[in-house]
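Please read the structure below before turning to the comments.
One-based numbering, in listed order, for ligands and for the atoms of each.
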Amino acid sequence: MVDTTTRIAVIGGGMGGLTAAIALTKIAGVQVTVFEQADQLGEVGAGVTVAPNAARVLDRLGVLDRIKQLGAVPDGHGVYLDAMGGMVTDAAWEDSAKQYQNIGMYRPDLISALAQAVDPDTVRLGHRLSSVETVDTGIRVRFANGMDDVVDAVIGADGIHSVVRNAVDQHPEPVYSGYIVYRGVVDASRLPADWPMISQVWMGNRRHFMCYPLQQRKLFNFVAGIPSDRPLNGPWSGPADVSELAAEFAGPDWDPQLQHFIGLIDKTFWWGLFDHEPLTNWSRGPITLLGDAAHTMLPHQGQGVNQAIEDSMALATFLAEADDVTDIPEAFRRYTAVRMQRTAILQNGSRRAGAMFDAQYEFADLTKRDADIRVGRDFRRSAVFDYDAQKVAEHALNRFRKVVQFT
Ligand SMILES: Cc1cc2nc3c(=O)[nH]c(=O)nc-3n(C[C@H](O)[C@H](O)[C@H](O)COP(=O)(O)OP(=O)(O)OC[C@H]3O[C@@H](n4cnc5c(N)ncnc54)[C@H](O)[C@@H]3O)c2cc1C
């Protein structure tokens, strides 16, 4: 185990960076400093699903109980519906052992639950990273506020437009997918009393609408995916008119229940969806990536944060094996080898899920689309929700140890 004098910087205090800070402290026994550009830790006022594969990690990190107190576990499985509300199939919502379920979280609540588990003295707010440079004594990180520091290792959890990613390799930037989402929340007390407390997805022609409960069922999250040629060379999110959103799901081809839900929305904002081909490398020496910085993915499988949480556990498991600072690059290489495969599958799967929800490409035939969605449900439970990031990292470590013995 590296000693406590080792200086590790996590760039970004989002959901990925904070989980990494918790995992590195609890599992690898190292203290990190989190550098966040914003003046306070926070998130957009929308929802996110903590899936069973991440709930398993958060349980081992001791934060799941708090997350469950703040979130909403649905009544049962979700549903995929056609545009008129007809059932296509049920959706996976728990792991095969029925131990962990999906938890709907209001994003600010998830950040606050994670932040409570991080020593506040280790978080530096108002520090926007501007450059990363290798120097004789380590890695120099410079910030827009004029501060700089030299550390032994850097973990880039700085999101989709990561600065740290450029220090790892000359990777292409994420690209706009041609879709935007409208996002927001509805006060659940305004919904009809028999509104199902589950996740529902209505899938129509080139658009879909999803909703699920949050915050002990006081709020309902919504996400509506729509094709858009909105130019994204400026901002890639902003406030939007509810009437714009309502017009996308108006008319006799859409379920009146859905239209009722949309009628209860007071406020919404739009968000450009970006996609990224899996990167060919996440690490360079003692610099590595985690979360969206490493694997920006479309949100259609609800796995972006969940993968960042898996990354954090895997990274901490590999780092726990490092005896001193000189072992960190090898720990990062091992982490990268294991995580790149897992997240590439989910990046590709998320693209495919979006194409299905929105009846694009070969799914223009809705009968085939619906059959594919039924097959995807079982894959999701076994391949996504049952995955144990810590066990996979430990098995990989054993294999790496055997290889080292033979060489
Ligand atoms: C509509 C939608 C719905 C989604 N739903 C889900 C879902 O249900 N489940 C799920 O798992 N995922 C979901 N996602 C994806 C998820 O939101 C992201 O994958 C997740 O936020 C990534 O976390 P992160 O910590 O890697 O990056 P971010 O959340 O982007 O955090 C990065 C942090 O780094 C900071 N930062 C950035 N640049 C710098 C810098 N230069 N210096 C210092 N700090 C910096 C930022 O301020 C931020 O705090 C959804 C995404 C969208 C768009």
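Between Trp282 and Asp169 there is no side-chain heavy-atom pair separated by less than 4.5 Å. Residues His300 and Arg351 have side chains not in contact (no heavy-atom distance under 4.5 Å, counting atoms from C-beta outward). Taking 4.5 Å as the limit, some side-chain heavy atom of His161 sits within range of a side-chain heavy atom of Trp236.
When hydrogens are left out, the protein atom nearest atom 34 (O) of ligand 1 is Gly12 CA, 3.2 Å; that is the closest non-hydrogen contact. If you check which protein heavy atom lies closest to atom 31 (O) of ligand 1, you get Gly14 CA, 3.7 Å. Nearest to atom 15 (C) of ligand 1 among the protein's heavy atoms is Gly304 CA, 3.9 Å. Among all protein heavy atoms, the one lying closest to atom 41 (N) of ligand 1 is Leu129 O, 3.3 Å. For atom 29 (O) of ligand 1, the nearest non-hydrogen atom of the protein is Glu43 OE2, 3.8 Å. Of the protein's non-hydrogen atoms, Met15 CE, 3.7 Å is the one closest to atom 21 (O) of ligand 1. With respect to atom 30 (O) of ligand 1, the closest heavy atom belonging to the protein is Gly159 CA, 3.7 Å. Nearest to atom 7 (C) of ligand 1 among the protein's heavy atoms is Val48 CG2, 3.4 Å.
A ring-ring contact (aromatic ring centres under 6.0 Å, His included) with Phe249 holds for exactly one of Phe261, Trp202, Trp254; it is Trp254. Only one option out of Leu298, Leu273, Ile226 pairs with Val181 in a side-chain contact (heavy atoms from CB on, under 4.5 Å); it is Leu273.
Checked by distance only, ligand 1 and Gly16 come closer than 3.5 Å through their nitrogen or oxygen atoms. At under 3.5 Å, not a single nitrogen or oxygen of Val181, backbone or side chain, sits near a nitrogen or oxygen of ligand 1. Distances between N or O atoms of Thr49 and those of ligand 1 include at least one value under 3.5 Å. Between Arg128 and ligand 1, no N or O atom pair is found at a separation short of 3.5 Å. In terms of polar-atom proximity, Val305 is counted as a contact of ligand 1, with an N or O under 3.5 Å from an N or O of the ligand. Considering backbone and side-chain atoms together, Gly302 places an N or O closer than 3.5 Å to an N or O of ligand 1.
With a 4.0 Å heavy-atom cut-off, ligand 1 is reached by no atom of Phe143. When non-hydrogen atoms are compared, ligand 1 lies under 4.0 Å from the backbone of His127 (N, CA, C, O) but not from its side chain. Of the heavy atoms in Asp292, both backbone and side-chain atoms come closer than 4.0 Å to ligand 1. With a 4.0 Å heavy-atom cut-off, ligand 1 is reached by no atom of Ala38.
Salt-bridge annotation for Asp149 and Arg124: absent, with no side-chain N of the basic residue lying under 4.0 Å from a carboxylate O of the acidic one. We find that Asp266 and Arg190 are joined by a salt bridge, their nearest charged nitrogen and carboxylate oxygen being less than 4.0 Å apart. Comment: Lys391 does not engage Glu394 in a salt bridge, judged by the lack of any side-chain N to carboxylate O separation of less than 4.0 angstrom. Comment: Arg339 engages Glu310 in a salt bridge, judged by a side-chain N to carboxylate O separation of less than 4.0 angstrom. A salt bridge does not link Glu94 to Arg381: none of the charged side-chain nitrogens sits closer than 4.0 Å to a carboxylate oxygen.
Thr326 is linked by a side-chain contact (heavy atoms from CB on, under 4.5 Å) to Asp324, counting only residues two or more places apart in sequence or in another chain. In terms of the salt bridge (Lys or Arg N to Asp or Glu O under 4.0 Å) criterion, Asp255 has no residue partners (sequence neighbours excluded).
Taking only non-hydrogen atoms, the option from Trp236, Tyr212, Phe274, Trp271 nearest to atom 53 (C) of ligand 1 is Trp271. Nearest-residue assignment for atom 37 (C) of ligand 1 (options Asp158, Val34, Ile160; heavy-atom criterion): Asp158. In this structure, of Glu36, Gln307, Gln37, the residue bringing a heavy atom nearest to atom 48 (C) of ligand 1 is Glu36.
If you number the atoms of ligand 1 from 1 as listed, the ones under 4.0 Å from a heavy atom of Phe35 come out as 43 (C), 44 (N). With ligand atoms numbered from 1 in the order given, ligand 1 contributes 41 (N) to contacts under 4.0 Å with heavy atoms of Val163. Of all the atoms in ligand 1, the ones that sit under 4.0 Å from a non-hydrogen atom of Gly291 are 26 (O).
Annotation: cation-pi pair Arg342/Tyr387 present, NZ/CZ under 6.0 Å from the ring centroid and within 45° of its normal.
Taking 4.0 Å as the cut-off, Arg107 counts as a neighbour of ligand 1 on heavy-atom distance. In this structure, Ala157 is part of the shell of residues with a heavy atom less than 4.0 angstrom from ligand 1.
The distance from atom OH of Tyr182 to atom CZ of Phe209, rounded to the nearest 0.5 Å, is 12.0 Å.
The nearest pair of heavy atoms linking Met15 to Val305 is CE-CG2, 3.3 Å.
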